[in-house]
Amino acid sequence: MKKYILELFAKAANKIEYLKDAPIILDVPKADSHGDIACNVALGLSRALKKNPRQIAEEIIASLDPDANVITKMEIAGPGFINFFFSPGYLARIITEVTEKDSDFGKSDRYKGKKANVEFVSANPTGPLTVGHGRNAVVGDTVANILEWNGCEVDREYYFNNAGRQMRVLGDSVKHRYLELLGEDIKFPEDYYQGEYITDIARGLLDEYGDSLRDEDPEGKFRERAESVIFADIRGTLERLNIRHSVFYNENSLYEEGRIQGLLDLFNERGLSYHKDGAVWLKLSELGNEQDKVIVKSTGEPTYRLPDIAYHVTKYERGYDRIVDLFGSDHAATYPDVLAALKELGYDTEKMKVLIHQFVTILKDGGIVKMSTRKANYITLDELIDWTNPDIVRYYFNNRTINSHLNFDVDLAKKQSDENPVFYLQYAHARICSIIRTVNEQELKASHDHLDLLVRDEEIRLIKKIHQFEEVIAEAGENLDGSKICLYLEELAGLFHRFYTVCRIIGSEKNLAEARLALVAAVKIVLRNGLSVVGLSAPERM
RNA sequence: GGGCCCGUAGCUCAAUGGAUAGAGCAUCAGCCUUCUAAGCUGAGGGUUAGUGGUUCGACCCCACUCGGGCUCACCA
């Protein structure tokens, strides 16, 4: 519909000078009485033209030349809106279009031929994924889906570090528990990993090796086993949410390939780094950031910043057109350093998009749970999935904009799982499946021959809504925001449920029944497609 | 103290600078001999944290104030 009106305006611009550069913003009005599409261009032009907006609107309408079979009415309303009314015949064609495109309906070519890298989760293997990681995981995967629906080829990437201090502490934590299991009276350091899973890993080693690891280096078997067990656990959790990364990028390979040293040399050659107090500093203040930062400690060990930059260089070298990073607000202060360095090195940082999501606050037993992996004071993503189900978890995390804090009331999630809004969407799909099953046993089948019989408000609204899906996906592709898709699906499901209570199929006159069946089949397609973008299942029965 | 995010119905959240600020949950009142009642209909509930400003028009943009989260390492 919008496309059609934009074409009308493009033609009219040949007749009216001021329409040439005017931005044509089209809107779907909230009230049916305001038409199917509204345009406020006259209001915007009024200032520059020093004319009454209603008068401008009149001139514009006079210059538009719509097909009477498509547009039945154009009117000026309120302060100067132009409202367009589409014919039922044009709307009916939407059903046919959806049916023909089927599982491709909603897809766009916006990023056709482009390659994207979406990096998300990227938790180091020091413990199970928590609810906080869950938000990152779900949003990241949905962003990847959205890019795919817009024609992009997408790699889902997980960046991790299995060396360094954290992992040393992890290995030693396991060793301490191991010795403890052997009956030794050891003191478990407070800043070590307190989680129960550490003891489980130690027990596994004890079963397998007995007491032969008493003198084993914590960085040896202990660290190795911890990493493999924890990583398997993380992958298992992600798998439950239907999330699979295609690339696991090990920070260590940056060292092995000499990229860290190479980058260090490059910074040195370009005069971007200097030595002070035994450390190497990057001149970030000269690149527009607040202050210089250490990239190599006086111990000779690089800080995370250096490999981070080297890592992102590989993303450019690997030929991605679009580079998306997703992380929590605790990392918000670090990415400007990476961006500044990349820009200085000549990489097009316009290709990069860093998405920051705010924290998840867990409410349990009436209080806030302060999360800390180290202190083992957290709720794991697995627990959350156990209490609810993967669809609810995905829905919950997708349903909010990433800029907002997310309050997750665990008790409520457990107790009200049956009344979660996600069922509302899935139930709409299941209901349609049920109708189709029932109808298959009768003489009825969907037909597009009499779609003009669909004239009730409940039918018209539903048709207009399924039409909007393409636009919703395109917009999501632009701002990489999956929450709008959830919102759309709720509206679509709501319109369907209302249609369902008022418009019967079985028992209606045959032509009408078959037209309604066609409509309902189209709604099913859009629901299924939409649910798949946000990563939810579309159950046939509930 | 500086930077980023947030503040909307009792609760969780929506609303490209547009027309009467909307959903879900919770509360109350109705609707199942007919395609799934995990549904539908209706009611109550708001000074959009506050004060100014910008303009035809502000929940949205700007300034300040108040309140909350994150962050400002030779930790990642």
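Just so we're on the same page: letters track the sequence lines, and every chain starts at 1.
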How about A:Thr126 and A:Asn124: does a side-chain donor come under 3.5 Å of a side-chain acceptor? no
Which of these nucleotides, B:C74, B:C40, B:U36, is closest to any side-chain atom of A:His497? B:C40
Taking a pair as Watson-Crick or G-U wobble with both distances under 3.5 Å, which nucleotide is matched to B:C35? none
A:Glu157 and A:Tyr311: side-chain donor and acceptor closer than 3.5 Å? yes
Considering only heavy atoms and no angle criterion, is a donor-acceptor pair shorter than 3.5 Å present between the side chain of A:Thr303 and the base of B:C74? no
At 4.0 Å (heavy atoms only), tell me whether A:His34 reaches a base, stays on the sugar-phosphate, or touches nothing. base
Using Watson-Crick or G-U wobble geometry with both distances under 3.5 Å, which nucleotide pairs with B:U16? none
When rounded to whole Å, the CD to P distance for the pair A:Glu491 and B:G22 reads 13 Å
Is A:His245 reaching over with its side chain to a backbone N or O of A:Phe120, donor-acceptor style, under 3.5 angstrom? yes
Under 4.0 Å between any heavy atoms, over every strand shown, what does A:Thr438 touch: base, sugar-phosphate, or nothing? Just pick one. sugar-phosphate
Nearest-angstrom distance, C1' atom, B:C13 to B:A19: 24 Å
Any base atoms under 4.0 Å from A:Asn40, or only sugar-phosphate, or nothing? Heavy atoms, all strands. base
Of the listed nucleotides (B:C40, B:A76, B:A19), which one gets closest to any side-chain atom of A:Asn161? B:A76
Considering every strand and a 4.0 Å limit on heavy-atom distances, what is the contact class for A:Leu406: base, sugar-phosphate, or nothing? sugar-phosphate
Categorize A:Thr401 for me: base, sugar-phosphate, or nothing, with a 4.0 angstrom heavy-atom threshold over every strand shown. sugar-phosphate
I'd like to know if A:Asp308 pairs up with A:Arg305 as an ion pair, taking the criterion as any Lys NZ or Arg NE/NH1/NH2 lying under 4.0 Å from an Asp or Glu carboxylate oxygen. no
Below 4.0 Å: OP1/OP2 of B:A14 and any side-chain N or O of A:Ser404: yes
Closest to the side chain of A:Tyr427, out of B:C74, B:A38, B:C5, is B:A38
Under 4.0 Å, counting only non-hydrogen atoms across every strand here, what does A:Ala430 touch: a base, just sugar-phosphate, or nothing? base
Regarding the side chain of A:Tyr424, the nearest nucleotide among B:G39, B:U36, B:A19 is B:G39
Checking all strands, does A:Leu487 fall into the base, sugar-phosphate, or nothing category for heavy-atom contacts under 4.0 angstrom? sugar-phosphate
Whom does B:C64 pair with, Watson-Crick or G-U wobble, provided both distances fall under 3.5 Å? B:G50
Quick note, A:Glu490 side chain, CB onward, closest among B:U36, B:A76, B:A23 is B:A23
Indicate, with a heavy-atom threshold strictly under 4.0 Å, whether A:Leu45 touches base, sugar-phosphate, or nothing. nothing
Measure from CG on A:Asp330 to P on B:C6 and round the result to the nearest Å. 17 Å
Taking only the C1' atom of each, what is the distance from B:C70 to B:G24 in whole angstrom? 28 Å
A:Ala38 near the nucleic acid: base, sugar-phosphate alone, or nothing, with a heavy-atom cut-off under 4.0 Å? base
Side chain of A:Phe359: nearest nucleotide among B:C40, B:C70, B:C74? B:C70
Ion pair present between A:Arg223 and A:Glu227, side-chain N to carboxylate O less than 4.0 angstrom? yes
Taking the side chain of A:Ile25 as heavy atoms from C-beta outward, which of B:U16, B:A38, B:A76 is closest to it? B:U16
Closest to the A:Arg400 side chain, choosing from B:C13, B:A76, B:G69: B:C13
Rounded interatomic separation in angstrom, taking CD from A:Glu540 and P from B:C35: 20 Å
Work out how far the C1' atom of B:C28 is from that of B:C35, and round it to whole angstrom. 31 Å
Work out how far the C1' atom of B:U27 is from that of B:A9, and round it to whole angstrom. 13 Å
Phosphate OP1/OP2 of B:A37: any A:Tyr500 side-chain N/O under 4.0 Å: yes
Would you kindly check whether a donor in the side chain of A:Asn399 faces an acceptor in the base of B:A14, or vice versa, at under 3.5 angstrom? no
Does the distance from a Lys or Arg side-chain N to an Asp or Glu carboxylate O, for A:Lys445 and A:Glu514, drop under 4.0 Å? no
Taking only N and O in the side chain of A:Arg431, is any of them less than 4.0 Å away from OP1 or OP2 of B:A37? yes
Taking only the side-chain heavy atoms of A:Arg305 (C-beta and beyond), determine which of B:A73, B:A37, B:C75 contains the nearest atom. B:A73
How many Å lie between OH on A:Tyr396 and P on B:G24, as a whole number? 16 Å
Here's a test for you: under side-chain contact (heavy atoms from CB on, under 4.5 Å), which of A:Val138, A:Thr142, A:Val422 qualifies with A:Val534? A:Thr142
Within the structure shown, what part of the strands sits under 4.0 Å from A:Gln291 by heavy-atom distance: base, sugar-phosphate, or nothing? sugar-phosphate
Base of B:C56 relative to its sugar, syn (within 90° of 0) or anti? anti
Interatomic distance at C1', B:G18 relative to B:C61, whole Å: 14 Å
For the side chain of A:Gln166, counting heavy atoms from C-beta on, which of B:U36, B:A76, B:A19 is nearest? B:A76
What distance, rounded to whole Å, do you find between the two C1' atoms, one in B:C25 and one in B:C72? 39 Å
Does a salt bridge link A:Glu119 with A:Lys315, judged by any charged N lying under 4.0 Å from a carboxylate O? yes
Between A:Lys297 and B:C75, is there a side-chain N or O to OP1/OP2 distance below 4.0 Å? yes
Quick check on contacts: within residues 502-514 of chain A, what sits under 4.0 Å from RNA chain B by heavy-atom distance? A:Cys503, A:Arg504, A:Ile505, A:Ile506
Is A:Lys293 touching bases, backbone alone, or none of the nucleic acid, heavy atoms closer than 4.0 Å? nothing
NZ/NE/NH1/NH2 to OD/OE distance under 4.0 Å, A:Lys484 and A:Glu475: no
Base partner of B:C28, which must satisfy Watson-Crick or wobble distances under 3.5 Å: B:G42
Check this for me, if you would: do A:Asp292 and A:Lys276 make a salt bridge, where the nitrogen-to-carboxylate-oxygen distance has to be below 4.0 angstrom? no
Any side-chain donor-acceptor pair under 3.5 Å between A:Thr130 and A:His133? yes
Taking only the P atom of each, what is the distance from B:A26 to B:C11 in whole angstrom? 16 Å
Between B:C32 and B:U8, how far apart are the two C1' atoms, rounded to whole Å? 37 Å
Base, sugar-phosphate, or nothing: which does A:Asp277 touch, judged by heavy atoms less than 4.0 Å apart? base
Rounded to the nearest 0.5 Å, what separates atom NZ in A:Lys73 from atom CD1 in A:Ile61? 11.0 Å
Provide the Watson-Crick or G-U wobble partner of B:G1, both distances under 3.5 Å; none if there is no partner. B:C72
Planes under 30° and centres closer than 5.5 Å, is that true for A:Phe81 with the base of B:A19? yes
Looking at every strand, decide which applies to A:Asn83 at a 4.0 Å heavy-atom threshold: base, sugar-phosphate, or nothing. base
